[in-house]
There are 2 protein chains.
Amino acid sequence: MTKQLKNIKPVDTGSLVDKVEVRLLAFFKENNLKPGDAIPKELDFAESLGVSRTVVREALLRLRTLGLVESKKHRGMILKQPDIINNFERIMDPTLLGENTLKQLFEFRLILEMGMADFLFENRTQKDMDELEEIVETGEATDTGKIRFTLDKEVAFHGKLYQISKNETLQRFQGLLLPVFEYVYLKETENTDLDEYHYTTGTFVTHRMLLDNLKIGTPETFRNAMRRHLEPHFDHILKKGQP
Amino acid sequence: MTKQLKNIKPVDTGSLVDKVEVRLLAFFKENNLKPGDAIPKELDFAESLGVSRTVVREALLRLRTLGLVESKKHRGMILKQPDIINNFERIMDPTLLGENTLKQLFEFRLILEMGMADFLFENRTQKDMDELEEIVETGEATDTGKIRFTLDKEVAFHGKLYQISKNETLQRFQGLLLPVFEYVYLKETENTDLDEYHYTTGTFVTHRMLLDNLKIGTPETFRNAMRRHLEPHFDHILKKGQP
DNA sequence: TTCATTAAATATGTATAACATAATACAAAA
DNA sequence: TTTTGTATTATGTTATACATATTTAATGAA
């Protein structure tokens with residue numbers, strides 16, 4: 001093992017693009033540029049920073065990828081209101097994410113559904129309730145017990161809930177989590193008989209009961225109902241830790 | 001207004017880089033490449049796809065920015081397990097996010113804290129409780145009523161809660177939300193006298209009470225306590241919609 | 001003058017060639 | 001065996017040229 005020398009620090013080995021990216025961000029801040037404002041052209045940056053256009057271009061490309069900058073083709077670039085969610089979409093591929101991340105994202109979803117009750121009660125409209133009613137009815141009518149259909153019903157019902165929250169960021173986030181959810185859900189139900197929960201425990205809460213609760217209940221009662229509705233998932237994910 | 005011609009589709013105006021990015025992703029999938037695997041070099045891609053190295057390089061740079069690919073300097077590139085959270089960090093700047101997004105992110109945080117109860121009770125350890133105890137004590141000892149200190153206490157206490165959840169993704173997400181939270185919190189408390197809530201409503205729940213609840217309560221009681229603890233924020237954000 | 005067309009200027013998009021640099025492997029020397 | 005030198009290789013960086021679409025200005029016909 002090589003000995004670590006003292007009184008000598010490693011030289012800066014970071015790439016030019018890294019540095020330029022930082023300088024660009026600093027430039028935006030210093031000049032107090034806001035979304036919508038135009039930014040200087042690539043060549044001007046290149047000259048001022050003393051690097052090639054390529055380097056500036058690559059740094060700008062990063063910011064574009066992050067959604068911080070938008071390039072109007074052949075015209076110039078402007079600062080953009082960064083789209084938080086957009087970047088996730090390209091990489092949220094369950095097959096590329098690790099087991100651990102998947103589990104945490106699944107937990108994340110459970111947390112969201114448990115926590116959104118107040119916003120549901122605050123923002124629900126009659127139209128929302130009617131639509132939810134229809135979703136529940138359709139679900140009950142087509143109750144074949146097949147897992148695939150069960151999943152579709154789940155997605156439709158819970159997706160509608162997110163919609164009712166009227167929080168667009170939350171909604172889009174749920175859209176991202178959906179593939180993860182389906183992925184985990186299908187794996188989870190592989191060896192589990194959901195009917196066991198549905199019909200034997202007696203405490204299982206159906207979509208119908210959740211809907212009724214949303215009509216006449218309170219955030220507090222709804223949370224408790226939701227907790228019991230999600231019981232199988234909680235059971236599954238909490239047991240997973242202990243062998 | 002120009003009439004829309006039939007039987008003729010607009011030409012593909014998307015950039016080459018866009019197309020190459022898609023092709024690269026498809027390539028990874030088709031060849032079943034997993035994180036850690038090496039990928040062909042830029043020039044090989046360029047030749048096979050019939051475009052310049054520049055284009056391939058820009059497409060790869062995007063994937064690198066998204067964290068899907070890692071470049072070993074001067075050696076080659078490998079697929080990487082994408083880091084969901086990392087991309088947020090660079091753009092999560094409250095001064096660049098719109099009013100509406102900020103509000104939604106603040107709501108998001110409320111939802112998380114309301115929803116995480118089960119995981120707190122499941123994963124808490126004695127060590128966690130001791131540390132939380134100390135945080136609460138320090139908070140009580142330095143209760144000066146100054147908003148800045150109040151904020152620090154909030155951050156310390158609630159940050160510890162996220163830690164107890166043992167969900168790393170959640171924790172890092174909260175880390176991202178922190179600047180947003182502070183930003184909104186300070187604006188929110190500008191014109192509000194928090195003491196009003198603390199001392200007059202009578203139902204306000206302190207950190208001490210939350211801690212006690214976490215010791216001897218259940219997820220259900222904890223959620224109710226947390227809801228009352230967050231009451232000022234809920235009030236503020238829910239009232240905001242109506243003038 | 002008014003309107004349509006043309007032309008010039010401009011900034012990004014793409015292509016090509018060349019060299020710099022660092023990681024690695026392997027050979028040569030101590 | 002250990003160190004040092006060297007060739008190889010893929011990315012990092014620079015430079016230059018051209019393509020293309022948008023804007024602006026100029027031009028010319030009614």
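Note that the structure is a prediction, hence the values are computed from the model and not measured. Chain letters run A, B, ... following the sequence lines, proteins first, then strands; residues in each count from 1.
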Would you kindly give the [atom1]-to-[atom2] distance between [X] and [N], to the nearest whole Å?
{"X": "Arg64(A)", "N": "dT12(C)", "atom1": "CZ", "atom2": "P", "result": "9 Å"}
{"X": "Asp44(B)", "N": "dT9(D)", "atom1": "CG", "atom2": "P", "result": "12 Å"}
{"X": "Leu43(B)", "N": "dT16(C)", "atom1": "CG", "atom2": "C1'", "result": "11 Å"}
{"X": "Arg57(A)", "N": "dT16(D)", "atom1": "CZ", "atom2": "P", "result": "18 Å"}
{"X": "Leu60(B)", "N": "dT11(D)", "atom1": "CG", "atom2": "P", "result": "8 Å"}
{"X": "Ile78(B)", "N": "dA10(D)", "atom1": "CD1", "atom2": "C1'", "result": "14 Å"}
{"X": "Glu70(B)", "N": "dG12(D)", "atom1": "CD", "atom2": "P", "result": "11 Å"}
{"X": "Lys19(A)", "N": "dG12(D)", "atom1": "NZ", "atom2": "P", "result": "14 Å"}

message: Considering every strand and a 4.0 Å limit on heavy-atom distances, what is the contact class for Glu58(B): base, sugar-phosphate, or nothing?
response: nothing
field: Sequence-distant partners of Ala117(B), side-chain contact (heavy atoms from CB on, under 4.5 Å), two or more places apart
entry: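 Once residues adjacent in sequence are excluded, the partners of Ala117(B) under the side-chain contact (heavy atoms from CB on, under 4.5 Å) criterion are Pro219(B), Phe222(B), Arg223(B).
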- prompt: Considering residues at least two apart in sequence or located in another chain, which fulfil the side-chain contact (heavy atoms from CB on, under 4.5 Å) criterion with Ser48(B)?
  reply: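 Expected list: none.
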- prompt: Which one, dT14(D), dA10(D), dT14(C), comes nearest to the side chain of Ser52(A)?
  reply: dT14(D)
- prompt: Picking from dT14(D), dT14(C), dT11(D), which would you name as closest to the side chain of Ser71(B)?
  reply: dT11(D)
List for me each residue that meets salt bridge (charged side-chain N to carboxylate O under 4.0 Å, His left out) alongside [X], sequence neighbours excluded, and say none if there are none.
{"X": "Lys160(B)", "value": "Asp128(B), Glu131(B)"}
{"X": "Lys34(A)", "value": "none"}
{"X": "Glu70(A)", "value": "none"}
{"X": "Arg53(B)", "value": "Glu42(B)"}

message: Please determine whether the number of non-hydrogen atoms from other residues, nucleotides or ligands lying under 6.0 Å from atom CZ of Arg23(B) exceeds 12.
response: no
Within residues 28-40 of chain A: residues closer than 4.0 Å to DNA chain D (heavy atoms): none
Pairwise N/O distances under 3.5 Å, protein to nucleotides 17-21 of chain C:
from, atom 1, to, atom 2, distance (Å)
dT21(C), O2, His74(B), NE2, 3.0

- request: Return the orientation label for the Phe181(B) and His233(B) ring planes: parallel under 30°, perpendicular over 60°, tilted otherwise.
  value: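 Perpendicular, since the angle between the ring planes exceeds 60°.
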End-to-end axis angle, where each axis spans five pairs of the helix from dT1(C)-dA30(D) to dA30(C)-dT1(D), to 10°: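 Its terminal axes enclose an angle near 10°.
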ring-ring contact (aromatic ring centres under 6.0 Å, His included) against Tyr162(A), all qualifying residues, sequence neighbours excluded: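 Applying ring-ring contact (aromatic ring centres under 6.0 Å, His included) to Tyr162(A) gives none.
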- prompt: For Phe119(A), what residues pass the ring-ring contact (aromatic ring centres under 6.0 Å, His included) criterion, not counting sequence neighbours?
  reply: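 In terms of ring-ring contact (aromatic ring centres under 6.0 Å, His included), with neighbours along the sequence ignored, Phe119(A) is linked to Phe234(B).
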- line: ring pair (Phe, Tyr, Trp, His ring centres under 6.0 Å) pairs touching residues 46-69 of chain B, sequence neighbours excluded, are none
